[in-house]
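Note that this is a predicted model, so its numbers are computed, not measured.
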Amino acid sequence: MEAPHNPAPVNSLGITVTSPEQMGDLGRRLAKLLRPGDLVMLTGELGAGKTTLTRGLGEGLGVRGAVTSPTFVIARVHPSLSEGPPLVHVDAYRLGGGLDEMEDLDLDVSLPESVIVVEWGDGKVEELSDDRLRVVIDRAVGDTTDEVREVTLTGVGTRWAAADLTLLSA
């Protein structure tokens, strides 16, 4: 008889963000919860605020270099200006294959000592870690001038099961 499969623990929180400044603030607050070895997966349409959130993360982590979309370089490493972990910012949008193409980036080597943020990572990087934070940014339907975003943060795995995501609601 096969042992029952125990799914990874899940911890979730929804937040409404009404401006790019608030998205950056959310990133700065999230940075306080992150530690070396964390994998953060960002999902959302073009212009949803993934890079704005990551810019806030970089500021909160105190890393060097302007955090911009790494679309054309695929991955960019931002070393810490203090004792914190480096930020590895990856854009998987143009990577069609799953983990095979991601393996060329050696993210598994960087993961233990870094915070890795992957834009467009769904279906491509889950195998890097049993523990990950999935951030989905949904834009209000219809009016494209509306800055309102619904951000859903879902922590997967034991690392995130007990994390107090309510600290992100400010």
Side-chain angles (χ1 to χ4, degrees), residues 2-15 17 23-44 48-63 67 69-70 74-80 82-93 95 97-138 149-170:
E2 192 174 309
H5 174 69
N6 292 327
V10 174
N11 184 4
S12 189
L13 174 73
I15 298 174
V17 174
M23 188 67 77
D25 288 344
L26 176 59
R28 285 185 285 282
R29 290 192 308 273
L30 178 55
K32 294 176 184 173
L33 292 178
L34 296 176
R35 61 185 189 211
D38 282 343
L39 172 64
V40 180
M41 298 168 41
L42 303 180
T43 300
K50 297 179 297 295
T51 301
T52 302
L53 178 73
T54 306
R55 189 173 300 118
L57 276 173
E59 291 170 9
L61 291 171
V63 299
V67 175
S69 180
I74 310 284
R76 189 173 279 131
V77 178
H78 298 275
S80 176
S82 62
E83 296 299 313
L87 171 65
V88 179
H89 185 196
V90 180
D91 187 330
Y93 183 75
L95 300 179
L99 199 57
D100 292 342
E101 283 187 66
M102 296 302 286
E103 282 179 355
D104 292 340
L105 299 176
D106 286 334
L107 295 179
D108 54 337
V109 173
S110 301
L111 186 59
E113 72 272 356
S114 304
V115 169
I116 297 183
V117 176
V118 183
E119 295 186 27
W120 307 97
D122 278 357
K124 298 176 183 173
V125 298
E126 288 87 346
E127 293 177 38
L128 284 174
S129 177
D130 290 336
D131 299 304
R132 59 195 168 274
L133 181 65
R134 183 170 185 255
V135 180
V136 177
I137 305 171
D138 288 315
R149 306 289 191 265
E150 294 299 328
V151 181
T152 304
L153 300 103
T154 304
V156 177
T158 54
R159 154 71 177 105
W160 291 102
D164 188 1
L165 295 180
T166 62
L167 296 173
L168 301 174
S169 300

Exercise. For the pair Asp131 and Ser129, evaluate side-chain hydrogen bond (donor to acceptor under 3.5 Å, both in side chains) and give the outcome as yes or no after the intermediate values.
Key: CA-CA 5 Å; Asp131 299 304; Ser129 177; 4.7 Å; no

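Atom CZ of Arg29 sits about 10.0 Å away from atom CG of Leu167, to the nearest 0.5 Å. Summarising the geometry, atom CD1 belonging to Ile15 is positioned 5.0 Å from atom CG belonging to Leu26; distances are rounded to the nearest 0.5 Å. Taking OG1 from Thr154 and CH2 from Trp160, the interatomic distance works out to 11.5 Å, rounded to the nearest 0.5 Å. Here Leu133 contributes atom CG and Leu30 contributes atom CG; the two are 6.0 Å apart, rounded to the nearest 0.5 Å. With rounding to the nearest 0.5 Å, the separation of CZ in Arg134 from CD in Glu126 is 8.0 Å. For the atom pair CG of Leu87 and CG of Leu34, the computed distance is 9.0 Å after rounding to the nearest 0.5 Å.
Between Ser80 and Pro85 the shortest heavy-atom distance is CB-O, 3.8 Å. Taking all atoms of both residues into account, the shortest heavy-atom contact from Leu61 to Ser82 is O-OG, 4.4 Å. In terms of heavy-atom proximity, Ala48 sits nearest to Arg149 at O-NE, 2.7 Å.
With Ser12 as the fixed residue, the side-chain contact (heavy atoms from CB on, under 4.5 Å) test singles out one of Thr152, Leu153, Val156, Leu165: Thr152. Put simply, the residue from Thr54, Val115, Ile116, Leu57 that forms a side-chain contact (heavy atoms from CB on, under 4.5 Å) with His89 is Thr54.
Asp138 is linked by a salt bridge (Lys or Arg N to Asp or Glu O under 4.0 Å) to nothing, counting only residues two or more places apart in sequence or in another chain. Evaluation of the side chain to side chain donor-acceptor pair (under 3.5 Å) rule for Asp25 yields Arg28 as partners, not counting sequence neighbours.
By the 4.0 Å N-to-carboxylate-O rule, Lys50 lies too far from Asp91 to be salt-bridged with it.
A donor-acceptor pair under 3.5 Å is absent between the side-chain atoms of Asp122 and the main chain of Thr43, judged by distance alone. In this structure a side-chain-to-backbone donor-acceptor pair under 3.5 Å is missing from Arg132 to Leu39.
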